[in-house]
Number of protein chains: 2
Amino acid sequence: MFTILSTDPNKKPRLVSELGGLSHTEEFKYSKDAEIFGEAGPADYIYQVIEGAVRTHKLLSDGRRHIGAFHLPGDIFGLDNGDFHRFTAEAIVDTTVRLVKRQSLERATKTEPAMVRSLLTMTTANLQHVENHILLLGRNTARERVAAFLIEMNGRLKSAGVIALPMNRRDIADYLGLAFETVSRMFRAFERNGYLRFLIDPRQRQIVILNAAGLTKLDAPRKRKDTFSVD
Amino acid sequence: MFTILSTDPNKKPRLVSELGGLSHTEEFKYSKDAEIFGEAGPADYIYQVIEGAVRTHKLLSDGRRHIGAFHLPGDIFGLDNGDFHRFTAEAIVDTTVRLVKRQSLERATKTEPAMVRSLLTMTTANLQHVENHILLLGRNTARERVAAFLIEMNGRLKSAGVIALPMNRRDIADYLGLAFETVSRMFRAFERNGYLRFLIDPRQRQIVILNAAGLTKLDAPRKRKDTFSVD
DNA sequence: CGATGACTTGAACGCCATCAATCGCTGTGG
DNA sequence: CCACAGCGATTGATGGCGTTCAAGTCATCG
């Protein structure tokens, strides 16, 4: 289904296992909202989230922001196959990352040609995520986008039946190309229509999906108004 | 600038030169609107446009269509790094392509490790095109999108100062995530405002850009209404 | 020469952005 | 300990932009 935005995590090479055997790996901690690397900065390292969450974004000339991806524990980011990063990366919450010098990767490709293939596999996975995302941004309504987001997150960070979102409404909005008020409205509409409920949480970031099948159907394009009402 | 959608053609490996030395290359002709390969079909070949133009698209479940890219002479397409194509490819006009068996590429990577790197380079180029396109679809107005499209095409297929578009308004609309009527309206608005003019052509596909700098500025996000009027 | 396809243009509606107000919680300082 | 500022989220009101529906033109083709 085109709306499943997350890439199968089992297909992602783990930094240690598949790229592993590398000497120069270190861990580092970033506090909430700290910048990990900047757009157009030198791409000296690639990263893997150990704990926490990371957003990668681009700023447009008028101040609008596009978030390209959210990176959760296990995810690899900062792989640009060039000398410069194409996104800025920031910690959404206090976050621990593992990092590997790109130079040592480059060196490793000399002795281990399979390494290049791993890079190709990861880049292809990125490409597929972006290709799926483009369908969302190009053609879908606000409701479809938010439904797709919830389905993605339900797959990626559901734990004990609960989605604990690390990011705020604005981050979600900038990921989906919407106003943050619209994201808020859609969340509440889903709640009123019985698709989800919020746990006790002042910031409304703990979500239980009650009707995943219904959300998946909403995500798919609609012809009629269905039985869904925003009011 | 993020709005330049085209990848620098000089950075693309040419199928013959960089991937070359391969025995199993053939040429093939497709007539207008013929399918070259189908989404989810086996990815047995990769392709290079010799003459003509190709569009790659995905169909959504309700019949809406997303065009991911237009491929012009010299461009390589159908490179999916997997066993199946992720797009459908069709000839926009009568088109000649060169094709290479993927199997022979795979074989070549064994004797020539640099080949994998070429594939990685091409995949990264695709990724960058999609990343740029996503900014357009996620955040920009119809005017910005059409301006960006014209700038892209001005860079890719201007010849003797004239852009001869191979695709119709609907193709452009499905590439930009707009209704085809909106594309038509924007084209005419640009004409009325002196940004371009049409050559004598019943289908209005021969365009001369009169004010590329102005279009580039329009493409960039706007705060005010500027001096541009749709009426 | 009627039919078809590509494009343009008009009119009306509806979705979502924008602006604005409010609420609840957190944390900080007096 | 309490007052208050500040942030995140919600909710309402309004308007604009782009879609949708519709009609009409022109060229091409069977």
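Every chain is numbered from 1 and lettered A, B, ... according to where its sequence line falls, protein lines coming before strand lines. Atom set for the values below is all heavy atoms of this structure, side chains included, hydrogens, waters and symmetry mates excluded. Everything numeric in this text was worked out from a predicted model, so none of it was measured.
- One finds no side-chain N or O of T141(A) lying less than 4.0 angstrom from the OP1 or OP2 phosphate oxygen of dC15(C).
- The nearest whole Å value for the distance from the CZ atom in R188(A) to the P atom in dC23(C) is 15 Å.
- dC7(C) atom C1' lies 15 Å from atom CD of Q206(B), rounded to whole Å.
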Using a cut-off of under 3.5 Å, enumerate the N/O to N/O pairs linking the protein to nucleotides 21-30 of chain D.
residue, atom, partner, partner atom, Å
dC21(D), N4, E181(B), OE2, 3.2

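- Residues that satisfy the ring pair (Phe, Tyr, Trp, His ring centres under 6.0 Å) test with F187(A), not counting sequence neighbours, are absent from this structure.
- Note: CZ (R169(B)) to P (dA6(C)) measures 12 Å, nearest angstrom.
- Distance check: L60(B) CG to E144(A) CD gives 9.0 Å after rounding to the nearest 0.5 Å.
- R145(A) comes within 4.0 angstrom of nothing in the nucleic acid, heavy atoms only.
- For E131(B), the salt bridge (Lys or Arg N to Asp or Glu O under 4.0 Å) partners two or more places apart in sequence, or in a different chain, are R86(A).
- One can place CG of D201(A) at 11 Å from P of dC25(C), the figure rounded to the nearest angstrom.
- Here the side chain of N154(A) pairs no donor or acceptor atom with the backbone of L150(A) at under 3.5 angstrom.
- Near DNA chain D, meaning a heavy atom under 4.0 Å away, there are no residues from residues 157-167 of chain A.
- Judged by distance alone, with hydrogens and angles left aside, the side-chain atoms of R145(B) form a donor-acceptor pair with the main-chain N or O of N140(B) at under 3.5 Å.
- Checked by atom type and distance alone, the side chain of T124(A) never pairs as donor or acceptor with a backbone atom of M122(A) at under 3.5 Å.
- The phosphate of dT10(D) (OP1 or OP2) has a side-chain N or O of Q204(A) nearer than 4.0 angstrom.
- The shortest distance between the side-chain N/O atoms of T182(A) and the OP1/OP2 oxygens of dA17(C) is below 4.0 Å.
- Of the candidates dT11(D), dT19(D), dG8(D), the closest approach to any side-chain atom of R205(A) belongs to dG8(D).
- Closest to the A179(B) side chain, of the nucleotides dT19(D), dT8(C), dG8(D), is dT19(D).
- Rounded to whole Å, the distance from CZ on F187(B) to P on dA6(C) is 15 Å.
- The list of side-chain hydrogen bond (donor to acceptor under 3.5 Å, both in side chains) pairs with a residue in residues 164-173 of chain B, not counting sequence neighbours, reads R55(B)-D171(B), R65(B)-D171(B).
- As a whole-Å value, the separation of N168(B) CG from dG5(C) P is 12 Å.
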May I have the list of side-chain donor-acceptor pairs in residues 197-204 of chain A shorter than 3.5 Å, sequence neighbours left out?
residue, atom, partner, partner atom, Å
D201(A), OD1, R203(A), N, 3.0
D201(A), OD2, R205(A), N, 2.7
D201(A), OD2, Q206(A), N, 3.2

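- The two residues A89(B) and V54(B) make their nearest non-hydrogen contact at CB-CG1, 4.1 Å.
- Across the protein-nucleic acid pair, R192(A) atom CZ and dT10(D) atom P stand 10 Å apart, rounded to whole Å.
- Picking from dC7(C), dA9(D), dG18(D) the nucleotide with the shortest atom distance to the side chain of R203(A) gives dA9(D).
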